[in-house]
Amino acid sequence: MKRFAAVLMGLALVGTFGTAALAAAPADTLAEAKKKGVLVAGVKDSLPPFGYVDEKSREIVGYDIDFVKAIARKLNVKLELKPVTSASRMPQLTEGNIDIIAATMTKNPERAKQIGFSHTYFATGQKFITNKGKVKSLKDLEGKKIGTAKGSTSEQNVKTAIPTATVLAFDDYPQAFLALQQGKVAAVTTDEAILAGILAKAPNKAKFEIPPVQISNEPYGLGMRKDDAKFIAFVDKTILEMEKSGEAKKIFEKWFGKGTDFQLKRTFKITADK
Ligand code: GLU
């Protein structure tokens with residue numbers, strides 16, 4: 001009888017959370033990763049310098065990757081990288097296909113209802129790439145077609161900032177930039193650091209610019225399952241240590257410092273900010 005009740009309860013749980021979540025997502029990633037000897041990170045694979053495929057090594061490299069590398073090293077486990085998109089990263093995490101999101105992800109209260117976030121490990125703000133000389137203020141984008149990525153804060157923010165614009169949401173930003181090059185949209189919008197990365201790699205970059213028009217602040221967090229308290233604490237501790245030891249700054253300089261494709265100032269420090 002007891003067993004029957006347990007089965008019934010199990011079925012009720014499956015009904016509530018879905019089979020994939022129940023079967024795959026560990027509640028204690030820290031213990032599970034140590035047991036398996038591997039940590040699985042969801043990352044971008046076409047957004048330099050955050051996560052992109054290095055032409056020589058054919059491996060995914062970047063600012064986001066270096067953070068999860070450091071976390072896996074501290075855990076003493078191997079790191080497996082799985083490409084995600086802005087729209088797929090949260091379901092991939094909650095379904096247990098990845099253990100941590102390191103994918104240009106803004107932390108905000110709406111998302112924090114569904115997943116847990118680390119302290120802020122990067123900070124940027126949303127801007128636009130446009131044809132040179134075309135956009136001086138938001139007014140110049142009214143009624144225009146604007147490309148961005150599905151499931152991003154960029155998509156939500158631009159709809160609020162320019163209600164008259166037609167927003168075309170692509171799988172990721174390189175596709176949106178292609179639409180700009182083909183004249184199908186008047187602008188691409190997302191975080192400035194991503195736009196600068198796209199522009200730096202563009203063959204015809206002299207035709208485009210990022211006007212000084214910012215519509216939001218975007219603090220990035222590493223995403224983890226909401227109930228995964230020990231792992232979240234471990235990741236927070238690790239990135240605070242990385243700040244203290246200078247490793248976090250070194251990673252920033254490696255991807256955004258002098259001699260890189262584009263330069264950014266480090267306007268933030270990793271601090272306990274929750
Ligand atoms: N940081 C923003 C977001 O999390 C835009 C970049 C992205 O789509 O990953 O939605």
Side-chain angles (χ1 to χ4, degrees), residues 41-53 60-68 81-94 98 100-129 146-162 165 167-180 185 187-201 210 213-224 226 239 252 255-256 262 264 267-268 270 273-274:
V43 300
K44 295 286 182 104
D45 67 355
S46 59
L47 294 188
F50 290 98
Y52 68 103
V53 179
I60 305 176
V61 298
Y63 181 88
D64 282 343
I65 315 305
D66 282 353
F67 273 85
V68 275
L81 302 175
K82 279 198 187 166
V84 293
T85 62
S86 301
S88 76
R89 59 195 162 190
M90 280 210 283
Q92 292 277 12
L93 177 72
T94 50
I98 56 175
I100 184 167
I101 299 170
T104 65
M105 187 171 196
T106 297
K107 48 182 203 177
N108 62 26
E110 198 190 324
R111 288 172 173 171
K113 283 184 199 150
Q114 294 179 59
I115 66 170
F117 281 109
S118 72
H119 300 309
T120 303
Y121 73 102
F122 188 81
T124 177
Q126 184 170 344
K127 290 192 175 173
F128 300 83
I129 298 185
I146 302 176
T148 187
K150 252 179 250 163
S152 63
T153 51
S154 316
E155 181 185 11
Q156 293 174 356
N157 295 337
V158 71
K159 285 180 178 168
T160 310
I162 320 174
V167 176
L168 304 185
F170 297 84
D171 273 341
D172 227 317
Y173 303 102
Q175 289 98 314
F177 185 59
L178 192 64
L180 176 65
V185 295
V188 176
T189 187
T190 187
D191 306 334
E192 178 179 17
I194 295 177
L195 295 177
I198 290 174
L199 204 52
K201 299 268 175 191
I210 302 171
V213 177
Q214 179 164 330
I215 60 171
S216 71
N217 288 317
E218 306 289 325
Y220 289 3
L222 300 163
M224 289 154 282
K226 206 168 169 48
I239 64 174
F252 184 94
W255 298 106
F256 299 97
F262 63 96
L264 270 188
T267 54
F268 63 91
I270 301 173
D273 64 357
K274 304 184 281 191

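In listed order, ligands and their atoms are each counted from 1.
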Show the short N or O contacts, below 3.5 Å, that ligand 1 makes with protein N or O atoms; if there are none, say 'none'.
from	atom 1	to	atom 2	distance (Å)
ligand 1	1 (N)	T104	O	2.8
ligand 1	1 (N)	T106	OG1	2.7
ligand 1	1 (N)	D191	OD2	2.6
ligand 1	4 (O)	R89	NH2	3.0
ligand 1	4 (O)	T104	O	3.4
ligand 1	4 (O)	T106	N	2.9
ligand 1	4 (O)	R111	NH1	2.9
ligand 1	8 (O)	S86	OG	2.6
ligand 1	8 (O)	Y173	OH	2.5
ligand 1	9 (O)	K44	NZ	3.3
ligand 1	9 (O)	S86	OG	3.4
ligand 1	9 (O)	R89	NH1	2.7
ligand 1	9 (O)	T104	O	3.2
ligand 1	9 (O)	T104	OG1	2.6
ligand 1	10 (O)	R89	NH2	3.1
ligand 1	10 (O)	R111	NH2	3.0
ligand 1	10 (O)	T153	N	2.8
ligand 1	10 (O)	T153	OG1	3.2

Only counting residues at least two apart or in another chain, list the ones meeting side chain to side chain donor-acceptor pair (under 3.5 Å) with T124.
none
Can you say whether the rings of Y121 and Y220 are parallel (under 30°), tilted (30 to 60°) or perpendicular (over 60°)?
tilted
Without swapping roles, check the side chain of T94 against the backbone of M90 for a donor-acceptor pair under 3.5 Å.
yes
Considering residues at least two apart in sequence or located in another chain, which fulfil the side chain to side chain donor-acceptor pair (under 3.5 Å) criterion with S118?
none
Given D64, I194, D191, the one that forms side-chain contact (heavy atoms from CB on, under 4.5 Å) with L47:
I194
Just jot down the side chain to side chain donor-acceptor pair (under 3.5 Å) partners of K201, sequence neighbours excluded, or say none.
D261
